[in-house]
Asker: 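Pasting in a structure now, in structure tokens, and then I'll have a few things to ask.
These numbers come from a predicted model, not from an experiment.
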Amino acid sequence: MSADANQAEIDRYLDSLLSQRMLSPHTVSNYGRDLAELSELAHAASAELDAVSHFQIRKFAAQLHGRGLNARSIARKLSAWRGFYDWLSEQGRLKSNPVDGVKAPKKAKPLPKALAADDAVHLVSQANPLKDPAAPAQLCNRAMFELLYSSGLRVSELVGLDVQYRQEAGYVSAGWIDMDSNEVTVTGKGNKMRSVPVGKPAMEALKAWLSARETVMGGHADAERRALFLSERGARMSPRVAQLRLKAHGQALGLATNVHPHVLRHSFASHVLQGSGDLRAVQEMLGHASIAATQVYTSLDFQRLAQVYDAAHPRAKKIAGK
């Protein structure tokens, strides 16, 4: 089938979309562009449009992906191609649709945001310049932020911590701090418990908070008195309040990034991996059931390496207009 014959076949299909399916001219025009691209790809592969194989369609999709086309656009083109080949099948021209079973590449998951090491340390170690650093709420904040970055906890794990392990009628601690062994034990997803080391700065911040904690406990019942982190009213800290406090703290320090607890978790994982290269250890400390969930941090690490390479290597790509 010549290029003219290919276009004539496509035109007949597009006419059917207008006259039979009553699609809008704009939609039909979009289909026309997608099918013109299919025709070009087939021609480049020396393939007849009505004889393109399933393997070739897969190859065409891969070529589009290689050109930088996003997953949504590729999925749209595959849909247009599938419709065209369905129409050819209805005409008795094809035995099967070569597009059937071909899927667009999965959408790339955005990499988790992680702070640079210096920014992370600045965030968790510096007092809010707008607040009294000796106030109980600020001591509580410092301990929470240090612990998030020190041990990579989820915010739900953080606020679920007790001062120490408690087991009594109807209650067993889901998480607690062991001040003697410098570690925190938490119950993560899937009800799986893990223990993670706590660094010296976080331990010092925790000790400072515990010294002030009594002043905000008030007359709360034992259920509240177990909690390690308390709100200004003396109740167990909620995830939402912890999030808002961290966000406000980041803004007060002038950080451009909108900081939330998971940013500190990502920063912890990325920085530990950069320093150790031990993916399995990072998996265990994060409480990931699968190593695949932890492997995203290898991409973060590569980003850093690529930046260093591009800035330093004489044969690296350079910015235009250098």
Side-chain angles (χ1 to χ4, degrees), residues 1-114 189 262 266 279 288-303 305-307 310 317 320:
M1 184 182 289
S2 66
D4 289 342
N6 282 343
Q7 189 57 52
E9 201 74 61
I10 290 173
D11 289 343
R12 282 194 290 274
Y13 169 63
L14 296 177
D15 287 341
S16 75
L17 294 181
L18 281 170
S19 60
Q20 297 176 26
R21 293 184 55 187
M22 308 297 287
L23 298 185
S24 72
H26 177 71
T27 299
V28 172
S29 176
N30 288 338
Y31 278 136
R33 284 194 293 272
D34 292 335
L35 292 172
E37 189 157 23
L38 170 64
S39 181
E40 291 172 5
L41 289 165
H43 179 72
S46 300
E48 299 291 344
L49 195 59
D50 59 355
V52 169
S53 68
H54 176 81
F55 173 77
Q56 287 173 317
I57 291 292
R58 290 173 63 88
K59 184 177 180 180
F60 296 163
Q63 287 176 315
L64 295 176
H65 183 61
R67 295 176 187 174
L69 210 63
N70 62 42
R72 180 176 295 180
S73 296
I74 295 174
R76 189 199 70 233
K77 290 182 184 297
L78 287 172
S79 177
W81 299 355
R82 187 177 295 109
F84 172 67
Y85 282 114
D86 277 342
W87 178 76
L88 284 180
S89 297
E90 291 169 1
Q91 309 302 309
R93 302 277 300 280
L94 296 176
K95 292 183 178 180
S96 61
N97 189 326
V99 187
D100 285 346
V102 180
K103 296 181 180 179
K106 290 184 178 179
K107 295 179 182 178
K109 293 183 179 180
L111 290 174
K113 294 179 181 178
K189 292 183 177 180
H262 235 62
H266 295 322
L279 192 64
H288 285 160
S290 167
I291 194 72
T294 317
Q295 285 175 330
V296 65
Y297 296 105
T298 62
S299 298
L300 283 174
D301 192 33
F302 181 78
Q303 282 186 331
L305 294 176
Q307 289 168 357
D310 287 343
K317 59 185 179 183

Asker: Per the side chain to side chain contact (heavy atoms under 4.5 Å, CB included) rule, which among N97, V52, D34 passes with W81?
Answerer: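 Only one of N97, V52, D34 forms a side chain to side chain contact (heavy atoms under 4.5 Å, CB included) with W81, namely D34.
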Asker: What is the ring orientation for Y13 with W87, classed by angle as parallel under 30°, tilted 30 to 60°, or perpendicular over 60°?
Answerer: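 Judged by the thresholds at 30° and 60°, the geometry between Y13 and W87 is tilted.
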Asker: Sub-3.5 Å donor-acceptor pair from the side chain of S89 to the main-chain atoms of Y85, do we have one?
Answerer: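 A pair under 3.5 Å: yes.
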Asker: When rounded to the nearest 0.5 angstrom, what distance separates CZ in R82 from CD1 in I57?
Answerer: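 The distance works out to 9.5 Å.
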Asker: Report, as yes or no, whether the 6.0 Å neighbourhood of atom NE2 on H288 holds more than 12 heavy atoms from other residues, nucleotides or ligands.
Answerer: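 It does: H288 NE2 has more than 12 such atoms within range.
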Asker: Do N30 and T27 have side-chain N/O donor and acceptor atoms under 3.5 Å apart?
Answerer: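 Side-chain D/A pair, N30 to T27: absent.
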Asker: If you measure from CG on L64 to CG on N70, what distance do you get to the nearest 0.5 Å?
Answerer: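 Rounded to the nearest 0.5 Å, the CG-CG separation comes out at 11.0 Å.
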Asker: Run the side-chain hydrogen bond (donor to acceptor under 3.5 Å, both in side chains) check on R12 and S16 step by step: do they pass?
Answerer: CA-CA 6 Å; R12 282 194 290 274; S16 75; over 6 Å; no
Asker: Would you check if the side chain of S19 reaches a backbone N or O of D15 as a donor-acceptor pair within less than 3.5 Å?
Answerer: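 Yes, because the side chain of S19 sits within donor-acceptor range (under 3.5 Å) of the backbone of D15.
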Asker: Verify side-chain contact (heavy atoms from CB on, under 4.5 Å) between H43 and S39, making sure each step is shown before the conclusion.
Answerer: CA-CA 6 Å; H43 179 72; S39 181; 5.5 Å; no
Asker: How many angstroms lie between OG1 in T294 and CG in L279, if you round to the nearest 0.5 Å?
Answerer: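 Here the rounded value is 5.5 Å.
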Asker: Taking it one step at a time, do K77 and L69 satisfy side-chain contact (heavy atoms from CB on, under 4.5 Å)?
Answerer: CA-CA 11 Å; K77 290 182 184 297; L69 210 63; 3.4 Å; yes
Asker: Drop me the distance from L14's CG to R21's CZ, to the nearest 0.5 angstrom.
Answerer: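 Going from the CG atom of L14 to the CZ atom of R21 covers 11.0 Å.
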Asker: Might you point out which heavy atoms bring L78 and V99 nearest each other, and give the distance in Å?
Answerer: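 Result for this residue pair: O-CG1, 3.6 Å.
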Asker: With rounding to the nearest 0.5 Å, note down the distance linking OG in S24 to CG in L17.
Answerer: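 Between atom OG of S24 and atom CG of L17 there are 10.5 Å.
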Asker: Any chance you could lay out the side-chain contact (heavy atoms from CB on, under 4.5 Å) test for L88 and E9, step after step, and finish with the verdict?
Answerer: CA-CA 9 Å; L88 284 180; E9 201 74 61; 4.0 Å; yes
Asker: Got a second to check how far L18's CG is from L23's CG, nearest 0.5 Å?
Answerer: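 That separation rounds to 7.0 Å.
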Asker: For L94 and P98, which heavy atoms make the closest approach, and how far apart are they?
Answerer: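 For L94 versus P98, the nearest heavy atoms are CD1-CD, 4.4 Å.
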